[in-house]
Each structure stands twice: as C-alpha cells, then as structure tokens.
Amino acid sequence: MNLIFYLMVIRKFFHLAKALHPETQYLKIKEIINHGPNAKSFVLVPDTNKGTTKLAYFQAGQYISLRLHINGSYVTRPYAIRSTPVQALRGEYIVTMKLVPTGFVTPFIWKNWHVGTSVVASGPAGQLFYEPIRDKENIVALAGGSGITPFYSMAGAILDGTIDANLTILYGSRTHDNILLGDELQKIADQTSKVKLVNILSDEDVTGYEHGFITKELIKKYAPAGNYSIFISGPSVMYQFAMKEVDQLHLAPGRVRHELNGNNASPYDFADYPAAAKDKNFKLTVITRDQLTTIKAAANESLLVALERAGIVAPSMCRSGVCSACRSRLVSGKAFIPAEFDHRRAADAEFGYLNTCVSYPISDLTLEVPVHDYANQFG
Ligand code: FES
C-alpha cells in the first residue's frame, strides 16, 4: 500500500517537473507586431495540434531557445521572453527581435515567419531573474540593444506584483531611433515608482538623454543608495565594456549576473588570441556515438557554428558559455576560449571538456559531441 502511494507521488512529481521544465514546446505564431522596419515582436501560443497544450511558466528574465532548420543546418537561438509570467499563464509568450541583415537566423525569420507558422522552442531557461534569497531588492539593469527584453519582462512583473523589487534600467542604444520598446517601457515606468528608465545614446547628443556609454560614473549616478545587484544583458562588445566598469565598483561577490544577447564577439578581439591561428581553416573530427565525421572549422567561428554548418544536431541553449548544454569533450587539438566567457567547472577544464559555443579552433582537433536524437524537434 505504502509502496503504491510513494510511486504515485513520484509519478506526480515527475509530471509536474515535466510541465514546469519541458524539453520541447511546440508553439505557433498568433500575431506579429512591427516596431519599425527592423524589429518585430512575435506573439506565441501553444500549438495544440502538435501536443503542447500549456506554456511552461517562467521567471521574468528567462529565455526560450528557438530551434530552427535552415538550409540543412540545425541551429538554436536564445530569445528572452519579454512578456510577463502572468501572460504565460494566460497562454502567451512574446519574443522581440531585431533584424541583423547579414545574420543567418533573423533574415530567415523575417522571410518565413507569418501568423500561423509553427515554432519549436525549449522550455524556459537562464539565470537572469530576480531571486530574493540571492539578489538585493534593488536591481540596476545594464542593457544594450535587444538585451532590453528580459528587463521589459521584469518591469512588467514588478508592475503586476509578481516581483517585489526595484528596477533601475540603464539602456544603451546608438541613436534615439535605435531604442527598442522605449515608449512601451516608459509607460510601465510611469505607472510605478519601482521601475526607472534611463536611456543612454552613444552616437547622438539629445536633450533629456544621457550621452556616451554605460560607465561606472553613470551607474553610481542612478543606482539607489545602499546595496544593489547588477544584471547585464546585451551583445558581447557591450558586455565586455560594462563588465570592466562594473569591476571598478568592487561589489561583493554574487552581486552581478549577466547573459549575452546578440552576437558573440570575434575571437580576434581578445588580446590573448594566438595571432598564428588567425584566418585559418582547421580540420575538425567529430565523434558522435559510433560515427566519425570530418568537417571544416574556421578560426573566427565557434566550434558550435562549425557543427551547425555541417548539419550536425549539436545541443545548445544559451550560446554564451553559461548553461553547459553544448559541453563536449576535446579529445585532441587546441581551442581558444576567451577568459570572460569561460564559465566551466574546474573539473571540466581539467578533464578536457569545453563549451563549444564559446570555443574557437586554433589547430586541427577531435571533439566528442553528445548529439541528441531531436532533429525532428526543429521547426
Ligand atoms: S549553449 Fe550554453 S554553454 Fe554553450
């Protein structure tokens, strides 16, 4: 009797865990909102025909990893859910993205995604969310470009009472026209004293806006008195600049959280990149289960991109060295891993494991990749 009861409880927990953290969510586009010619929001709802009846709940600030099959490549892209957790309970996620005309993914999306299109995504993931036990109740958010989206979700969750925290957003854009969701975010800030928005323009001097970059002086100027946590979300170049400024604030350990949003930097931008490897192509031997495949790996592209280009279904989620979904074993050869993005555990580094999304080939190499059987779970 007792055994049956315990088995039923375990089964219930198993189903609950699956509902909260599904590996795959089948979605479809309900609506597309244009924000000028180069940015769009996609309203996503469950695709009940494909078996997803409910959206997974998430913490404001988390992302879903979209899985796309483009010209023979299986690629992923993490996009923060910019709507609120309450909206997810009502059956809706919203993701917002900017068109990168020279990119691989957004031009495909601009051309192929319409109302009714099926979209495949992971469950929600990521650590860029407010956790009262871990974080200070005053959050200073440093955002660049489309990195504003997780903070848009947090601002909405503060407004509707899901989160009890204060959020000061320092949002860097090149020009006034480049500000994404600026009016919408200001509307939220106008309704609650707990959300403040400061726009900083790097390429334009406009009355009422800060001019330049997000420096430590600006952080000090707008950060609330007392203790605060810093959350950073933006492209790699902005992140590297912001981290140097934040380091000079000498905050206590654990007070800074970050997630990349946008393209990784070129490995050539790092001072310790070995110049001899620059612009070379290397031979990458990939071991997947019982198969051996040899592909090309360019010096300026991550090992993950090389795998994707070759049509290998390599696992990935965050694409910024944080989640370890792409963890693979380097059997031989050498890879360059920028120190800023090397978040491996000490044991992984010691036993030759690396995260392919932030590792770049600097010699011929052999890699053991834990491929998943989910080629059918790409849209
Ligand atoms: S995809 Fe997250 S660490 Fe590589």
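Both ligands and their constituent atoms are indexed starting at 1 by order of listing. The residues of the chain are indexed from 1 along the displayed sequence. Only this structure's heavy atoms are used, side chains among them; waters, hydrogens and symmetry mates stay out.
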CD1 (Ile362) and CG (Asp364) are apart, to the nearest 0.5 Å, by 11.5 Å

For a quick test of your reading: what N or O donor-acceptor pairs under 3.5 Å do the side chains of residues 347-356 make, sequence neighbours left out?
| from | atom 1 | to | atom 2 | distance (Å) |
| --- | --- | --- | --- | --- |
| Asp348 | OD1 | Arg327 | NE | 3.2 |
| Asp348 | OD1 | Arg327 | NH2 | 3.0 |
| Asp348 | OD2 | Arg327 | NE | 2.9 |

CA sep, side-chain torsions, deciding dist, call: Asn71, Ser73, side-chain hydrogen bond (donor to acceptor under 3.5 Å, both in side chains): CA-CA 6 Å; Asn71 300 334; Ser73 294; over 6 Å; no

Sphere of radius 2.8 Å around atom 4 (Fe) of ligand 1 - protein N, O or S atoms inside: Cys326 SG, Cys357 SG

For atom NZ of Lys194, decide whether the heavy atoms of other residues, nucleotides or ligands shown that lie under 6.0 angstrom number more than 12. yes

Carboxylate-amine/guanidinium contact Lys54 Glu92, below 4.0 Å: no

Look only at the side chain of Glu204 and the backbone of Val206, and say whether a donor-acceptor pair between them is shorter than 3.5 Å. no

